[in-house]
Number of protein chains: 2
Amino acid sequence: METVGQIIRTKRETLGLLLRQVAAHLDIDQAILSKIERNERKPTKTHITKLAEILKLDKDELMVQFMSDKIAYEIADEDCANRVLKVAEKKVKYLQSHLIKTKL
Amino acid sequence: METVGQIIRTKRETLGLLLRQVAAHLDIDQAILSKIERNERKPTKTHITKLAEILKLDKDELMVQFMSDKIAYEIADEDCANRVLKVAEKKVKYLQSHLIKTKL
DNA sequence: TTACATTTGACACTTATTGTCAAGTAAATT
DNA sequence: AATTTACTTGACAATAAGTGTCAAATGTAA
């Protein structure tokens, strides 16, 4: 089970890029990127978008990994975690069909 | 599709309790509880626990509603919402089987 | 040693969360 | 009509969480 951090580090090394270089593209200190790769800090959505760009990763897929990481992390300690996901699924369906989409 | 706020308000009124009384049990100002019931503010886990107590609601069930609300709200605007939930399910399974449970 | 990449931790800045308080509605009693 | 009671609203304060910088420490290779 790969974390977003692991995906990023692996791909960065494959491409032979330095923390410094990737961090510059994200416009952050390399210290943060180092921590993100080691799951010591969570990336933001902006980070994810820019990481997908420079690391030539699929943006949607990386976003899915990012968000599922976040959700899994916040409910994994609950015994009702699975039920939470099931109910959340229903609610998402409901929201998506009833919501007036206000996207661009 | 009932929100946590609706569940709480309905039950509170059924029991004939006042905002003031329930809020006192949660040790917060009734203004917050009023907002929680109208989904203008989100409750905390502590609120949920104490609400289940005083309103004689099933704690786990209320917690499920609370957490699924939160998750649904934070991903409903993504088209990949369903995939996120599927991947999160896998990650939760992984975490729960590999995690050293540090609960009491 | 020097040079370079990464890691670490202390700290600062910003934004979100959680709360109080007092004034405002609204509906029921006196 | 004036009071009382329950609830709502919005301005604000306190605190917690998130996001970042910087410089020193560590590791590794030339």
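Note on naming: letters A, B, ... go to the chains in the order of the sequence lines (proteins, then strands), and numbering restarts at 1 for each one. This structure is a prediction, so every number in the text was calculated from the model and none was measured.
Between the side chain of Gln96(A) and the backbone N or O of Glu78(B), at least one donor-acceptor pair lies under 3.5 Å. Looking at Ser34(A), its side chain never comes within 3.5 Å of a backbone N or O of Gln30(A) through a donor-acceptor pair.
Counting heavy atoms from C-beta on, the side chains of Leu62(A) and Thr49(A) never come closer than 4.5 Å. Side-chain atoms of Lys59(B) and Glu53(B), non-hydrogen and from C-beta on, never get closer than 4.5 Å to each other.
Considering NE2 of His25(B) and NE2 of His47(B), their distance stands at 12.5 Å, rounded to 0.5 Å. Met63(B) CE to Ile75(A) CD1: the interatomic distance, rounded to the nearest 0.5 Å, is 13.0 Å.
Residue pairs satisfying the side chain to side chain donor-acceptor pair (under 3.5 Å) criterion with at least one member in residues 10-23 of chain B, sequence neighbours excluded, are listed as follows: Arg12(B)-Glu37(B). For residues 64-73 of chain A, the pairs satisfying side chain to side chain donor-acceptor pair (under 3.5 Å) are Glu61(A)-Gln65(A), Gln65(A)-Lys91(B), Ser68(A)-Lys91(B), Asp69(A)-Lys91(B), with sequence neighbours left out.
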Pairs: protein N or O with nucleotides 6-10 of chain C N or O, under 3.5 Å:
residue	atom	partner	partner atom	Å
dT6(C)	OP1	Arg12(A)	NH1	2.9
dT6(C)	OP2	Leu19(A)	N	2.8
dT7(C)	OP1	Arg9(A)	NH1	2.7
dT7(C)	OP2	Arg9(A)	NH2	2.7
dT7(C)	OP2	Ser34(A)	OG	2.7
dT8(C)	OP2	Arg38(A)	NH1	2.5
dG9(C)	N7	Lys35(A)	NZ	3.2
dG9(C)	O6	Lys35(A)	NZ	3.4

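Residue His47(B) places no side-chain N or O under 4.0 Å from the OP1 or OP2 atom of dT17(C).
Sorted by residue number, the list of members of residues 60-74 of chain A with any non-hydrogen atom under 4.0 Å from DNA chain C is empty.
In this structure, the side chain to side chain donor-acceptor pair (under 3.5 Å) partners of Asn39(B), at least two apart in sequence or on a different chain, are Thr3(B).
Scanning both residues, Leu95(B) and Ala76(A), for their nearest heavy atoms gives CD1-CB, 3.7 Å.
Taking 4.0 Å as the cutoff to heavy atoms of chain B, we find the contact window on DNA chain D bounded by dA6(D) to dG10(D).
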